[in-house]
Amino acid sequence: MPETVTKNINKVIYNGEVLIDLTADTVTADNLLKDVTAHDKSGSAIVGACPFDVDSSEATAAVGELLEGKTAYARGAKITGAMKDNAAVAGVIATKEQEYTVPQGYHDGSGKVSIDANEQAKLVPGNIREGVTVLGVEGTMSGSEDSKPQAKSVIPSAEEQIVLPDEEYNCLSQVTVAAIPYVEAENAAGGTTVTIG
């Protein structure tokens with residue numbers, strides 16, 4: 001006696017009208033969302049196995065915007081990130097003109113850019129002119145620190161004179177120019193002789 005094979009009902013016609021027809025359906029377990037149940041074209045119950053959980057057709061992420069080695073799905077395809085992970089990047093600026101170029105990629109937020117320690121040590125009030133503020137440091141230098149002034153007296157002459165401090169001094173505090181000598185005297189002709197200088 002041949003074994004009876006039970007087949008699923010996949011098409012129902014009642015009074016000439018098709019009520020249900022699964023024969024042309026194309027659903028399979030691999031393209032039905034995971035754990036969702038349905039019937040295939042033979043009428044057999046199936047449970048979805050497809051892990052698809054989002055439509056990524058409108059996703060705008062690019063590999064350069066995703067960390068290196070990380071994966072995601074965009075525009076219906078799996079992409080692998082190419083963005084470099086710079087972690088904590090540190091930079092130092094040592095001159096007025098110097099600029100720090102931030103490297104392309106991801107930064108974890110703990111990186112810092114600072115003024116070189118040797119340059120910071122120079123930014124003290126005594127090194128900055130009084131009334132001038134540099135990077136928040138207000139100057140106190142008057143300009144007369146370590147000065148060794150000299151006072152000089154000069155006798156006028158008909159020749160040009162350049163007055164400079166002596167070698168042990170670095171500036172002049174005062175220059176006194178004597179008055180030009182002026183002398184009047186009677187002369188034998190009955191007039192007055194004026195002698196200047």
Side-chain angles (χ1 to χ4, degrees), residues 54 56-75 77-187 189 191-197:
V54 69
S56 65
S57 62
E58 294 182 359
T60 58
V63 294
E65 300 166 332
L66 190 64
L67 275 178
E68 195 171 35
K70 299 290 184 180
T71 59
Y73 289 85
R75 296 164 301 283
K78 183 178 182 179
I79 60 174
T80 302
M83 181 195 301
K84 183 178 178 186
D85 186 349
N86 295 308
V89 175
V92 175
I93 295 174
T95 66
K96 182 180 76 172
E97 295 81 12
Q98 186 176 355
E99 296 178 345
Y100 176 76
T101 301
V102 179
Q104 186 175 14
Y106 170 79
H107 299 267
D108 67 10
S110 63
K112 294 180 180 179
V113 177
S114 61
I115 297 173
D116 180 78
N118 292 329
E119 299 305 311
Q120 288 185 48
K122 298 173 189 175
L123 289 171
V124 294
N127 286 348
I128 302 170
R129 176 78 65 186
E130 188 175 13
V132 176
T133 299
V134 178
L135 294 174
V137 181
E138 187 176 347
T140 60
M141 181 177 69
S142 68
S144 61
E145 288 85 353
D146 299 323
S147 64
K148 294 181 180 178
Q150 178 186 23
K152 277 195 163 183
S153 295
V154 178
I155 298 172
S157 76
E159 303 295 326
E160 179 185 82
Q161 298 182 68
I162 297 174
V163 184
L164 295 173
D166 293 339
E167 191 173 321
E168 63 269 28
Y169 300 95
N170 57 21
C171 63
L172 293 168
S173 61
Q174 176 179 304
V175 176
T176 303
V177 181
I180 297 174
Y182 180 92
V183 178
E184 294 183 359
E186 292 182 8
N187 56 41
T192 302
T193 299
V194 175
T195 304
I196 301 172

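For clarity, every value in this text was computed on a predicted model and none was experimentally measured. Sequential numbering from 1 along the given sequence is applied to the chain's residues.
- Looking only at distances, a side-chain donor or acceptor of Asn86 sits under 3.5 Å from a matching main-chain atom of Gln104.
- Counting only distance, with no hydrogens or angles, the side chain of Thr140 and the backbone of Pro125 share a donor-acceptor pair below 3.5 Å.
- The minimum heavy-atom distance linking Thr80 with Leu66 is given by the pair C-CD2, 4.4 Å.
- When all heavy atoms of Val137 and Val124 are compared, the pair lying nearest together is CG1-C, 3.9 Å.
- Across all their heavy atoms, Ser56 and Tyr73 have their closest contact at CB-O, 3.8 Å.
- Between the side chain of Ser157 and the main chain of Glu159, a donor-acceptor pair closer than 3.5 Å is present.
- Side-chain contact between Asp166 and Lys152: present, with at least one pair of heavy atoms (C-beta onward) separated by less than 4.5 Å.
- For Glu119 (side chain) and Asp116 (main-chain N/O), no donor-acceptor pair under 3.5 Å exists by modelled atom type.
- Taking each heavy atom of Val194 and Glu184 in turn, the nearest pair found is CG2-CG, 3.9 Å.
- In plain terms, the two heavy atoms of Ser110 and Asp108 that are nearest each other are OG-OD1, 2.7 Å.
- Judged by distance alone, with hydrogens and angles left aside, the side-chain atoms of Gln150 form no donor-acceptor pair with the main-chain N or O of Glu167 at under 3.5 Å.
- The side-chain heavy atoms of Ile115 and Leu135, taken from C-beta on, include a pair separated by under 4.5 Å.
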